[in-house]
> 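Encoded as structure tokens, here's the structure I'll be asking about.
Below, each value reflects all heavy atoms present in this structure, side chains not excepted, and no hydrogens, waters or symmetry copies. Just so you know, these numbers come straight off a predicted model, no measurement behind them.
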Amino acid sequence: MLAKKQTEDKEAPLTGPTITLEELCEMQKEVSSVRVPAAVNELMDDILIELRRQGVHVSDRKYFGYYPIVQAHAWLCGRDEAQGIDLTILRNYLWTSPDELPKISQVLTRLCENPLGGKISEIRKAVVDVMTRFDQNPDGNVVRALQRFRTEAVELYRKITTLRAYAQNDTETAQVDGLLEELEKASQKAHAATNLTYIPLNELEALMGSGSQN
């Protein structure tokens, strides 16, 4: 019976869906047209830095070859533009030895499934630190302390507004806007502690200029 089954398997014609060469070429063209925005490239930079920090070696050649894989993943998901979540497919690409897989997966999950979350938390902590330094005011000069606060607050304002451009949905946009509101309230509180006129952060940023620290 076993011999008969083996013979039948050999003689049975292969069946199933097929892809013609023309169809394959057309799919390749569609994949190559998928856009990879700057936000995804910058996120990939963050991933590379974090992996190397954790001792996972990723060669430059492998790094520069990542985007066709991400394009293909986005295309298979029915999108014409790659998103941060598409980078998670690289867990099957970036490793050199199997023992690196858990670490790579953890980094990709943390940075890609909520790419703005970590940066928002980092900036929120910086907002608290800036306000704490103003409140402590070791030399007792509130005007000088406010000048320092303004300089630091404007730098944070620029970071937040840049971050807003990378929000991929309404929820992420709301999170960034909430962070900007927290910084604005901190600025209002700092100005209220002095006799200096409160200036909204967008106006303050324009007054200080892109390279000024005054």
> Closer than 4.0 angstrom, basic N to acidic O: yes or no for E100 and K103?
no
> Just verifying a value: how many Å separate I47 CD1 and E42 CD, rounded to the nearest 0.5 Å?
12.5 Å
> Are F64 and L94 co-members of a hydrophobic cluster defined by side-chain heavy atoms under 4.5 Å apart?
yes
> Please test R150 against Q147 for side-chain contact (heavy atoms from CB on, under 4.5 Å), starting from the C-alpha separation and ending with a verdict.
CA-CA 5 Å; R150 282 178 167 179; Q147 290 174 338; 5.7 Å; no
> Between D46 and R52, does any side-chain N to carboxylate O distance fall below 4.0 Å?
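No salt bridge links D46 with R52.
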> Taking everything shown except L24 itself, do over 12 heavy atoms lie less than 6.0 Å from its CG?
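Yes - once you tally the heavy atoms of other residues, nucleotides and ligands closer than 6.0 Å, there are more than 12.
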> Is there a continuous path of hydrophobic side-chain contacts, each under 4.5 Å between heavy atoms, that joins V34 to M44?
no
> Between the main-chain N or O of S187 and the side-chain N or O of H191, is there a donor-acceptor pair closer than 3.5 Å?
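Yes: the side chain of H191 pairs with the backbone of S187.
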> When you check the gap from the basic side-chain N to the acidic O, do E50 and R110 get nearer than 4.0 Å?
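Salt bridge flag = yes for R110 with E50.
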> Using modelled atom types only, decide if a donor and an acceptor are shared between the side chain of Y93 and the backbone of K62 within a distance under 3.5 Å.
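Yes, because the side chain of Y93 sits within donor-acceptor range (under 3.5 Å) of the backbone of K62.
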> Grab the two heavy atoms, one from A74 and one from A82, that are nearest each other, plus how far apart they are.
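That would be CB-CA, 3.9 Å.
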> Does anything in residues 24-44 pair up under ring-ring contact (aromatic ring centres under 6.0 Å, His included), and if so which pairs, sequence neighbours excluded?
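The answer is none; no pair qualifies.
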> How about L179 and R124: do any of their side-chain heavy atoms sit closer than 4.5 Å?
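L179 vs R124: side chains touch.
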> From E113 CD over to I85 CD1, what is the distance, rounded to the nearest 0.5 angstrom?
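Reported value, rounded in 0.5 Å steps: 4.5 Å.
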> What are the two closest heavy atoms between G84 and C112, and how far apart are they?
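Between these two residues, the closest heavy atoms are O-CB, 3.4 Å.
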> Does any pair with a residue in residues 19-49 pass ring-ring contact (aromatic ring centres under 6.0 Å, His included), and if so which ones, sequence neighbours excluded?
none
> Set out, in order, the CA-CA distance, both residues' side-chain angles and the distance that settles side-chain contact (heavy atoms from CB on, under 4.5 Å) for H73 and I69, then state yes or no.
CA-CA 6 Å; H73 187 265; I69 301 172; 5.8 Å; no
> Identify the heavy atoms of P102 and D99 that sit nearest to each other, and give their distance.
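Minimum heavy-atom separation between P102 and D99: CD-O, 3.5 Å.
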> Provide the closest heavy-atom pair for P68 versus V31 in the form atom of the first, atom of the second, distance.
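Where P68 meets V31 most closely, the heavy atoms are O-CG1, 4.3 Å.
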> Tell me, do R158 and V154 make a side-chain contact under 4.5 Å, heavy atoms counted?
yes
> Please determine whether side-chain contact (heavy atoms from CB on, under 4.5 Å) holds for the pair D80 and S33, giving the CA-CA distance in whole Å, both sets of side-chain angles, and the decisive distance to 0.1 Å.
CA-CA 7 Å; D80 60 5; S33 68; over 6 Å; no
> Who passes ring-ring contact (aromatic ring centres under 6.0 Å, His included) against F134, sequence neighbours left out?
F149
> Find out if a path of hydrophobic residues (ILVMFWY) with successive side-chain heavy-atom gaps under 4.5 Å connects V130 to V143.
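The answer is yes; both residues are in one hydrophobic cluster.
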> Of all the heavy-atom pairs spanning L156 and A126, show the shortest one and how long it is.
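That closest heavy-atom pairing would be CD2-CB, 3.7 Å.
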> Going by heavy atoms in the side chains, are T109 and T88 under 4.5 Å from each other?
no
> Are the charged groups of K125 and E122 less than 4.0 angstrom apart, N to O?
no
> To the nearest 0.5 angstrom, please state how far the NZ atom of K159 sits from the CD1 atom of I123.
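These two atoms lie 6.5 Å from each other.
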> Quick one: pull up CG in L90 and OH in Y66 and give me the separation to the nearest 0.5 Å.
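Nearest 0.5 Å value for the CG-OH distance: 8.0 Å.
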> Side chain of E23, backbone of T20: donor and acceptor closer than 3.5 Å?
yes
> Any salt bridge between R148 and E152, counting N to O under 4.0 Å?
no
> Determine the sole option in E203, E184, K189 for which the side-chain hydrogen bond (donor to acceptor under 3.5 Å, both in side chains) test with Y198 is passed.
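Of the listed options, the one satisfying the test is E184.
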> Nearest 0.5 Å please: distance from the CD atom of Q83 over to the SG atom of C77.
8.5 Å
> CG/L201 to CG/L183 distance, rounded to the nearest 0.5 angstrom?
5.0 Å
> Identify whether Y157 and V128 are in the same connected component of the hydrophobic contact network (ILVMFWY, side-chain heavy atoms under 4.5 Å).
no
> Hey, is the main chain of R35 close enough, under 3.5 Å, to the side chain of E81 for a donor-acceptor pair?
no
> Judged by modelled atom types alone, do D86 and Y67 share a side-chain donor-acceptor pair under 3.5 Å?
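Distance-only check fails for D86 and Y67.
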> Is there a path of hydrophobic side-chain contacts, each under 4.5 Å between heavy atoms, that joins L43 and V36?
yes
> Decide side-chain contact (heavy atoms from CB on, under 4.5 Å) for T96 and H57; before the verdict, give the C-alpha distance in whole Å, the side-chain angles of both, and the deciding distance to 0.1 Å.
CA-CA 8 Å; T96 301; H57 175 70; 5.6 Å; no
> Heavy-atom count check: over 12 atoms from other residues, nucleotides or ligands less than 6.0 Å from D170 CG?
no
